[in-house]
Structures are given as structure tokens and as C-alpha cells.
Amino acid sequence: MSSTIRNSAIVLLVLLMAGMAFTAGYLTNEFVGGRPGAAQAAEEFSLFWEAWGHVERNYSGRLPAMQRVTYGAIRGALEVLEDPYTVFIEPRAREEERDSLRGNFGGIGANITRNEAGDVLLAPIPGNPAEAAGLLEGDILLAVDGQTLGPEMTVTEIAELIRGEKGTTVTLTVRHPGATEAVEVTVERADILIPSVSYRILAEAPAVGYIQLSRFSGESAGEVEDAINALQQQGAQQLILDLRHNGGGLLNAAVEVADHFLEGGVVLYQESRGEDERVFEASEETVAPAMPLVVLVDGGTASSSEILAGALQDRDRGLLIGTQTFGKGSVQLVYDLSDGSSVHVTASRWYTPNRHEIDQQGLAPDVVVEASQEAIDAGRDEVLERAVEYLANGNS
């Protein structure tokens with residue numbers, strides 16, 4: 001891999017909720033106070049005040065505000081649960097989370113990279129504002145709203161300059177490919193439409209269709225179906241589904257994508273406190289019920305992507321190649337508290353068709369392949385190569 005590719009970062013100019021990687025299953029609820037046994041809990045908590053009284057009377061340093069003490073006590077109580085997704089969020093962080101969910105910000109729909117010469121290059125994403133405004137693949141970005149981009153600025157910092165409230169405009173000074181003079185292009189910020197699927201016939205294996213699924217959106221099932229149909233028309237007889245770095249998304253989307261490969265039967269089980277077990281099943285209508293299939297996974301494969309991978313693995317529909325998945329198989333309810341803070345509480349857990357618990361365990365691949373640094377530096381994808389080799393040997 002060249003230093004240009006290795007050292008450049010691609011930033012999509014679109015606001016995504018922090019931690020989108022693992023967002024399948026966040027539901028917001030109003031705070032509800034009171035619970036059975038509250039009086040007993042208050043009595044037991046008197047031990048805390050007994051201990052804190054000694055601190056107040058004898059501590060030689062400066063005592064923190066009681067709000068900080070309260071927040072610390074809540075965090076300590078939640079840590080006893082040993083669940084990384086049941087967490088306490090302070091008011092300021094919670095407000096930022098709300099802003100993300102409201103979608104107050106937008107982008108222009110372009111990728112940004114720096115080349116070896118230090119130039120900032122733009123690549124518009126089809127169907128988005130950057131393309132509509134006249135920006136071109138390979139445009140060199142020189143300034144944002146009149147602010148010249150210095151060599152010390154990172155790609156992320158440049159992206160932040162371009163991002164802003166939807167409906168507002170940003171003026172980019174660019175030099176088009178082959179041109180000598182710079183021009184100004186004004187772009188109106190908006191929600192960015194980014195397909196969750198990309199696909200192609202592999203040049204090294206013309207009978208193998210490659211589908212990369214980056215997240216699970218409301219459009220993912222249709223995009224995967226279109227990709228399968230297009231690849232079949234181009235001669236694909238085998239498929240590779242790449243779920244690496246896919247942090248999740250919509251639960252229903254994962255079930256619908258699984259439905260493209262499974263003829264009926266269980267996709268996952270969901271268990272929730274105080275509720276009957278919920279079973280998600282595939283329909284009998286299937287796009288690719290028999291095409292040999294390999295699924296690529298890694299430590300970034302999480303949440304909804306683990307649901308899909310687990311269903312294909314347990315149902316013997318697809319072989320998993322790569323490394324252990326992340327292990328996010330739960331649903332969190334978000335309760336807003338009286339001071340603007342919130343607590344995220346794990347309320348449901350997901351299980352694969354063979355009842356393997358995903359949460360905090362993940363999925364073990366059938367074939368373990370860890371990419372070496374040597375291969376990465378050479379621009380080789382050893383995991384993909386192993387998948388192609390597996391299919392070429394007639395395995396399915």
C-alpha cells in the first residue's frame with residue numbers, strides 16, 4: 001500500500017451519531033421515578049453516607065461538589081453490572097447526543113484525502129450536493145469560506161470547517177483538474193445520501209461477486225438485493241459478503257438482508273426482561289438461496305452485522321473468514337434524568353439461531369485470518385484472498 005493511501009484519511013462530510021458503529025438498539029424513554037423496595041435501598045445506601053461523612057470531616061484536600069460525588073456514585077453502581085453498554089451520561093454529553101439525533105447538521109457529500117504533495121483532494125459522492133454544485137473528482141481544495149487551508153490542518157479539521165447546519169451554504173475555493181486558476185463553488189449543506197452497499201466482480205476471480213455492506217440502513221436490504229441481481233447478470237456464481245468494519249445499524253435491516261440468503265427459519269432470538277421471547281424469522285422468498293457464500297468479519301463487525309453473520313454461520317449458509325467480531329448483541333433503553341443527564345440501560349439481548357449469545361462474546365470465524373503488516377504495506381487484502389481461494393477450491 002502506498003504512503004498516500006496509508007497516511008490519508010477519508011472523511012465523509014455527513015454527521016453520523018457518535019458510536020454509530022454500535023447503535024442498533026437505542027430507544028429513548030422518559031424518566032420514571034420510584035420502584036418497589038426503594039425504602040430498603042435507601043436504608044442500605046446509608047452506609048455510603050456513613051463513609052462519606054468520615055471523608056467530609058477528615059479529608060485534608062478540597063472536596064468536590066456534591067453533583068460530582070453523585071455522578072461518581074451512579075457510575076460506580078453501574079460498573080458493578082459489568083455491562084459496558086449500561087452507562088451514565090452527564091448533561092453536556094447527553095445534549096450533544098440529542099443534537100446528533102436531531103440531525104441539526106449536514107454536509108456536502110464528498111470524500112477528502114491528502115496526497116503525498118500535501119494537496120487536499122475532493123471526490124464528490126454521486127447524488128449529493130457537492131456533485132450538484134459542480135465539484136469534480138480530483139478537485140484540489142484551497143480554502144473554505146475564505147480560510148486558506150494550511151499544511152498543518154488535518155482532514156478531520158477541514159471536514160469540520162465544511163460541515164454545518166442543514167440549509168446553510170459553504171463556499172469552497174478549488175482548482176479543477178487540469179486548470180491553473182482557482183474558482184469558488186458555493187454548496188448548500190444537506191442530509192447526505194450514502195449507499196450502504198458497494199459491489200463488483202473480482203478481476204482476479206470473474207465468477208465471484210463481491211459485496212461490501214458498510215452499515216444497516218433502511219435502504220440496505222434493497223441495495224443488497226440489487227447488488228446480487230446485478231452480479232448474477234454479470235456472471236457471478238459465488239458471493240463474498242464483506243461485513244468488516246460494519247458497526248451495525250437497524251435491526252430490521254439485518255433481518256431483511258439475512259432473508260436474501262435464507263429460506264425461512266430463525267434469524268435471531270431477542271430476550272427482554274418481563275417479556276416473552278421474540279423470534280425473528282426469514283421468509284420463504286429468497287434472492288440467493290444456494291449461491292456459495294463467504295462472509296468476511298473482523299473486530300469492527302458489530303451489532304446488526306453480527307446478527308447477520310451469526311445467522312448465516314449457524315444456518316450453515318455462509319462461512320465466516322477473518323477475526324473475532326466485536327460482541328455487541330444488546331438493546332439499550334435511554335432514560336433522561338431530571339438534571340439533563342441520562343442512563344442507558346441494557347434491556348434486551350440477542351442470540352443466534354443456535355442460541356449463541358453475541359453480547360460481550362462475539363462470533364468466532366470458521367477460518368481465522370489476520371492481516372499481516374507486510375500485506376497491508378503491500379496493498380494486499382489477505383482476508384479477501386483467503387475467501388477467493390476457499391471458493392476456488394470448490395468449497396461451499
Does atom CD of Glu370 have more than 12 heavy-atom neighbours from other groups under 6.0 Å away? no

In Å and rounded to the nearest 0.5 Å, what is the OG to CZ distance from Ser342 to Phe88? 7.5 Å

Distance in Å, Met153 CE paired with Thr148 OG1, rounded so as to fall on 0.5 Å steps: 10.0 Å

Asp359 and Ser330 side chains, donor-acceptor separation under 3.5 Å: yes

Donor + acceptor pair across side chains of His245, Asp298 (<3.5 Å): yes

Tell me whether the guanidinium CZ or amine NZ of Arg200 lies under 6.0 angstrom from the six-membered ring centre of Tyr210 and within 45° of its axis. yes

In Å, rounded to the nearest 0.5 Å, how long is the span from CZ of Phe45 to CD of Glu50? 13.0 Å

Taking atom types as modelled, find out whether Ser196 and Glu219 have a side-chain donor-acceptor pair closer than 3.5 angstrom. no

Would you sort out whether Lys166 and Asp191 count as a salt bridge (charged side-chain N to carboxylate O under 4.0 Å, His left out), showing the intermediate values? CA-CA 7 Å; Lys166 291 185 294 185; Asp191 288 326; 3.3 Å; yes

Could you go through the salt bridge (charged side-chain N to carboxylate O under 4.0 Å, His left out) check for Asp139 and Arg175 one step at a time? CA-CA 6 Å; Asp139 276 350; Arg175 187 167 63 247; over 6 Å; no

Any chance the side chains of Tyr269 and Asn354 put a donor and an acceptor closer than 3.5 Å? no

Residues Pro365 and Gln324: closest non-hydrogen pair is CD-N, 3.8 Å

Return yes if a side-chain donor-acceptor contact under 3.5 Å exists between Glu306 and Thr325, otherwise no. yes

Look at the side chain of Glu131 and the backbone N and O of Ile125, then say whether any donor-acceptor pair between them is shorter than 3.5 Å. no

Distance-only donor-acceptor check, side chains Gln332 and Thr346, under 3.5 Å: yes

Side chains of Thr352 and Asp314: any donor to acceptor distance under 3.5 Å? yes

